[in-house]
There are 2 protein chains.
Amino acid sequence: MTEDHFDDTPVQAERFSQTRTAQSQALLEDYTEMIDDLIRAHGEARITDIARLMGVTHPTATKAVARLKREGLAVSRPYRGVFLTELGSGMAERVRGRHRLVVDLLVAVGVPPEAAETDAEGIEHYVSDATLTAFAAFLTRQP
Amino acid sequence: MTEDHFDDTPVQAERFSQTRTAQSQALLEDYTEMIDDLIRAHGEARITDIARLMGVTHPTATKAVARLKREGLAVSRPYRGVFLTELGSGMAERVRGRHRLVVDLLVAVGVPPEAAETDAEGIEHYVSDATLTAFAAFLTRQP
DNA sequence: ACAGAAATGTAGCCTCGGCTACATATCCGT
DNA sequence: ACGGATATGTAGCCGAGGCTACATTTCTGT
C-alpha cells in the first residue's frame, strides 16, 4: 500500500458540504413549486392538497409550510390557504425553469420522457448555474 | 380559476416518494465509495480520514459507519480500520461507474469539468437505470 | 518504556422531516 | 341552522445526521 503523507486539502469535503447544503434547500424548492402549481390551478394552495401531492401526511405539510414562512417564502393564516411571497414566487419561477431545462436535456440525450420526469425531480436541486448554462447552450445547438 | 374535480391520482406523490427514498440511500453510497477509495489508496479506511474527506466530525463518521455495518455493507472492530463486505464492494463499484458516467455525460454536453465533478456528487444518486443506459448510449455515439 | 500526541469511542444535544393520535374549526347538504 | 364530513391545527414520537465535550485507547518519538 502507498505511504503518502496524505495531506491532500479536503476539496472533496467542500463538494460534500455543498451537496448537503443543496439537500436542505431541496424541500423548500419542492414545496414552493408545488404551492405555485396549486395557486395557478385553483387560486389557492390548501394544506390537504399540498400534502396529497407531495405524498406526505398533512401535519408534515403543515410543518414544511411553517418552515417556508420562517424563511419568508410563504404566508398563511389559520384555516386559510397558503400563498407565496414575492421571494417565494421568484423561487418558484426559477425552480420551474430549471426543472424544464433539466427534463429537456435528459430527453435530448435520449432518456425516456417518463424517466426524465422522475429523475429530474431529484437531479434539479443539484444543478449549478454553470451546468444550467451549458444545458441551455446544448439544447440551442441540438434542437 | 379552474373548477376541476381534482381527483388526479398522485403520480407526483410517487415521484417525490422515490426521491426521498433515493435521498436515504445517498449517504450510504457516498460513505461506501469513500471507504473504497481509502482502501485502494492506503489499504484501510480510518475513521479520521473518512471524516476529514467527507467534511464531517469524527463522531458523525462513526455513526455513519455504524449504519453501514447495520446494513451489511461494512465491517470493523474497535480501534481498527473500516472495511467493506462483498455487498459494500459491489455497491462501491456500481457507484463509481455511475459517477464516472454522469461526469462524462455532463462534460460531453459542455459542462465545465470542475462544475461537472461537483454537480455529479449530488446528481448521481438520482439517476435511474433507464437514464444511465441512455447516458451510455449517448456517449457511445458522441465521443 | 513511557509520556504526550493522535485516533477512536461514547454520551448527549440539536434540527429536520417523517409519522399517529387527538382537538378544533370550517364547510356543506338537508 | 345544525350536524356530520372534511380540513386544519397541535402534541408528541421516531430515526437520521449533524455537533461538542469528554473518556479511552493506540501510536510514536526520545
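Chain naming here is simple, since letters A, B, ... match the order of the sequence lines and numbering starts at 1 in each. The figures that follow rest on heavy atoms only: side chains count, while hydrogens, waters and symmetry mates do not.
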Whole-Å distance, A:L38 CG to D:dA7 P, equals 14 Å
Can you measure from CD1 (B:I47) to OG1 (B:T57) and round to the nearest 0.5 angstrom?
11.0 Å
Can you tell me how far P of C:dT8 sits from NZ of B:K69, to the nearest Å?
13 Å
Apply side chain to side chain contact (heavy atoms under 4.5 Å, CB included) to residues B:D49 and B:R46 and explain how you reach the verdict.
CA-CA 5 Å; B:D49 296 332; B:R46 291 151 72 241; 2.7 Å; yes
Between atom CZ of A:R98 and atom CE of A:M91, what is the distance when rounded to the nearest 0.5 Å?
8.5 Å
Test side chain to side chain contact (heavy atoms under 4.5 Å, CB included) on A:Y126 and A:Q18 and set out the steps.
CA-CA 9 Å; A:Y126 303 93; A:Q18 283 182 233; over 6 Å; no
Using a 4.5 Å cut-off on heavy atoms from C-beta on, say whether the side chain of B:V111 contacts that of A:F135.
yes
Would you indicate, yes or no, if C:dC27 has its OP1 or OP2 atom less than 4.0 angstrom from a side-chain nitrogen or oxygen of A:R80?
yes
With the side chain of A:Y79 defined as its heavy atoms from C-beta on, choose the nearest nucleotide among C:dT26, C:dA7, C:dG9.
C:dT26
Inspect the contact between B:R40 and B:D37 and indicate whether a charged nitrogen and a carboxylate oxygen are less than 4.0 angstrom apart.
no
Take the protein atom NE2 of B:H42 and the nucleotide atom C1' of C:dA7, then report the distance between them rounded to whole Å.
16 Å
Starting from P on C:dT15, measure out to CD on A:Q25 and report it in whole angstrom.
19 Å
A:R46 CZ to C:dT26 P, straight-line distance once rounded to whole Å
14 Å
Using a 4.0 Å heavy-atom cut-off, does A:T57 contact any base of the nucleic acid, only the sugar-phosphate backbone, or nothing at all?
base
Find the distance between CD1 (A:I35) and OG (A:S89) and round it off to the nearest 0.5 Å.
10.5 Å
Using a cut-off of under 3.5 Å, enumerate the N/O to N/O pairs linking the protein to nucleotides 11-17 of chain D.
{"unit_1": "D:dA16", "atom_1": "OP1", "unit_2": "B:R70", "atom_2": "NH1", "d": "3.4"}
{"unit_1": "D:dG17", "atom_1": "OP1", "unit_2": "B:R67", "atom_2": "NH1", "d": "2.7"}
{"unit_1": "D:dG17", "atom_1": "OP2", "unit_2": "B:R67", "atom_2": "NH1", "d": "2.5"}

B:Y31 OH to D:dG18 C1', straight-line distance once rounded to whole Å:
9 Å
Atom CD of B:E44 to atom P of C:dA7: distance rounded to whole Å?
12 Å
Please report the distance, rounded to the nearest Å, between NE2 in B:H58 and P in D:dT24.
14 Å
